[in-house]
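Input: a single structure, listed below in structure tokens.
In this text the structure is predicted, and so the values were computed from the model without any measurement.
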Amino acid sequence: NDKWYFYPFSMFGCMFPWSLYTLASLIWLFRNIRKDRSPINIFLFSWVLSVFVIFQPAHSKLVSYIFPLFPALALITGNFIYNTALSENKHRVLFIISIIMGFILFLIPIGLIILVPKYSIYLSSKTFVYIMISLLLIFSGLFLFLILNGRFSKSVFNLSFIVPLFLFAFFSIHEDIEPYISSKPI
């Protein structure tokens, strides 16, 4: 965990399924901070920068150290999506990011279909995994369908349901993976 890229990769991984939007919004913020000196942009920029300046030099890196960063990232990402969706000339950027994110979301259930037979000995039941695969296929297909039909606000709404779906899945299979976790309470 002592690598320089641990926090940036963790930050984008923890923002999934908004990762690509977050990356684009940070690039947009860093490029436009000199032009748009509104108090909220300066505040959010300093919030992100201060968390990285404080925690990046540490040799022992844990994702929980940068938890204060995620509200700022959510605000920056939401502001970027809102402003870009309203802008005529930047709407194409949002469309491209959404298409890429849709294909990434579509690849997750495909990868699970391939991996479930290989790692089925670690699961008590394959039924739950196949239900999750079906739901992920439905949500990712619906997301792509809405993006391709120009219904961006509905696609963002659809994307927000994927987070609770992942949380439900992780909490449902925690007993299956608990014996393989290295840090158990004593």
Side-chain angles (χ1 to χ4, degrees), residues 1-33 40-84 93-94 96-112 114-115 119 122 129 132-133 135-136 139-140 143 155-156 158-186:
N1 292 2
D2 198 18
K3 305 293 185 200
W4 67 269
Y5 52 81
F6 178 76
Y7 283 140
F9 283 175
S10 298
M11 178 179 69
F12 293 118
C14 290
M15 287 297 289
F16 185 81
W18 307 98
S19 304
L20 295 178
Y21 299 105
T22 303
L23 178 63
S25 66
L26 286 175
I27 291 169
W28 173 81
L29 180 69
F30 291 135
R31 283 186 179 173
N32 294 324
I33 194 70
I40 189 70
N41 283 344
I42 293 171
F43 174 68
L44 292 172
F45 178 77
S46 61
W47 187 347
V48 170
L49 192 64
S50 64
V51 170
F52 273 111
V53 167
I54 291 169
F55 292 110
Q56 188 63 30
H59 291 289
S60 174
K61 291 179 170 64
L62 296 173
V63 175
S64 59
Y65 294 168
I66 62 168
F67 277 173
L69 182 69
F70 293 112
L73 290 176
L75 290 171
I76 292 167
T77 304
N79 187 35
F80 171 76
I81 290 173
Y82 178 76
N83 288 333
T84 309
V93 172
L94 205 54
I96 292 169
I97 293 171
S98 298
I99 290 293
I100 294 169
M101 196 68 231
F103 282 117
I104 290 171
L105 287 172
F106 203 72
L107 288 176
I108 292 171
I110 302 299
L112 286 173
I114 295 168
L115 292 175
Y119 295 104
Y122 300 109
V129 177
M132 292 306 297
I133 289 171
L135 289 173
L136 280 171
F139 277 115
S140 60
F143 179 75
S155 69
V156 170
N158 176 52
L159 192 61
S160 65
F161 281 109
I162 292 177
V163 174
L165 187 66
F166 276 121
L167 289 174
F168 177 73
F170 290 134
F171 287 126
S172 298
I173 64 169
H174 81 279
E175 291 179 2
D176 290 338
I177 60 173
E178 190 173 345
Y180 307 103
I181 297 174
S182 62
S183 58
K184 295 181 187 177
I186 299 174

Next item on the list: Step by step, work out the side chain to side chain contact (heavy atoms under 4.5 Å, CB included) result for Phe45 and Ile76.
Entry: CA-CA 9 Å; Phe45 178 77; Ile76 292 167; over 6 Å; no
Next item on the list: Under the side chain to side chain contact (heavy atoms under 4.5 Å, CB included) rule, what do Val51 and Met11 come out as? Steps first, then yes or no, please.
Entry: CA-CA 11 Å; Val51 170; Met11 178 179 69; over 6 Å; no
Check: Going from NZ on Lys61 to CH2 on Trp4, what distance comes out if it is rounded to the nearest 0.5 angstrom?
Finding: 11.0 Å
Margin query: List the residues meeting side-chain contact (heavy atoms from CB on, under 4.5 Å) with Thr77, not counting sequence neighbours, and say none if there are none.
Written below: Met15, Tyr21, Thr22, Ser25, Ile81
Note to self: Looking at every non-hydrogen atom in both residues, tell me the closest pair between Leu62 and Tyr7 and how far apart they are.
What the structure shows: O-CE2, 3.3 Å
Checklist line | Nearest non-hydrogen partners of Pro17 and Met101, listed with the distance | finding: O-SD, 3.3 Å
Margin query: Would you call the rings of Phe139 and Phe161 parallel, tilted or perpendicular, taking 30° and 60° as the class edges?
Written below: parallel
Check: Do other residues, nucleotides or ligands put more than 12 heavy atoms under 6.0 Å from Phe103 CZ?
Finding: no
Note to self: Do Trp28 and Asn83 make a side-chain contact, defined as non-hydrogen atoms from C-beta onward lying under 4.5 Å apart?
What the structure shows: yes
Item checked: Non-hydrogen side-chain atoms of Phe43 and Leu75 separated by less than 4.5 Å -> no
Checklist line | Least distance between heavy atoms, Val163 atom then Phe16 atom | finding: CG2-O, 4.1 Å
Next item on the list: Please report the C-alpha distance between Leu136 and Leu112 in whole Å, then the side-chain angles of each, then the deciding distance to 0.1 Å, and finally whether the side chain to side chain contact (heavy atoms under 4.5 Å, CB included) criterion is met.
Entry: CA-CA 10 Å; Leu136 280 171; Leu112 286 173; 4.1 Å; yes
Notebook entry, point to check: Got a sec: does the CZ of Phe166 have more than 12 other heavy atoms crowding it under 6.0 Å?
Noted result: yes
Check: Quick one: are Trp18 and Val156 in side-chain contact, heavy atoms under 4.5 Å?
Finding: yes
Check: Can you tell me how far the CG atom of Leu167 sits from the CD1 atom of Ile162, to the nearest 0.5 Å?
Finding: 12.0 Å
Check: Could you give the distance from CG (Leu165) to CG (Leu135), rounded to the nearest 0.5 Å?
Finding: 5.5 Å
Next item on the list: Might you point out which heavy atoms bring Leu69 and Val48 nearest each other, and give the distance in Å?
Entry: CD1-CA, 3.6 Å
Item checked: Atom OH of Tyr82 with >12 non-hydrogen neighbours under 6.0 angstrom -> no
Notebook entry, point to check: So how far is it from Leu73 CG to Phe80 CZ, rounded to the nearest 0.5 Å?
Noted result: 13.5 Å
Next item on the list: Please round to the nearest 0.5 Å and tell me the distance separating atom CD1 of Ile96 and atom CG of Leu20.
Entry: 12.0 Å
Check: Should Asn41 and Asn79 be marked as a side chain to side chain contact (heavy atoms under 4.5 Å, CB included) after you check the CA-CA gap, both sets of side-chain angles, and the distance that decides it?
Finding: CA-CA 10 Å; Asn41 283 344; Asn79 187 35; 3.9 Å; yes
Notebook entry, point to check: More than 12 foreign heavy atoms under 6.0 Å from CZ of Phe70: is that the case here?
Noted result: yes
Next item on the list: Compare every heavy atom of Ser60 with every heavy atom of Tyr65, then report the nearest pair and how far apart it is.
Entry: CE1-O, 3.1 Å
Checklist line | Validation row: Ile108, Ser140 side chains within 4.5 angstrom (heavy atoms) | finding: no
Item checked: Shortest non-hydrogen contact between Phe55 and Ile66, atoms and distance -> CB-CG2, 4.5 Å
Check: Is there side-chain contact between Lys3 and Phe9, with heavy atoms separated by less than 4.5 Å?
Finding: no
Check: Are any side-chain N or O atoms of Trp47 and backbone N or O atoms of Pro68, one a donor and one an acceptor, separated by less than 3.5 Å?
Finding: yes
Check: Could you give the distance from CG (Leu115) to CD1 (Ile110), rounded to the nearest 0.5 Å?
Finding: 11.5 Å
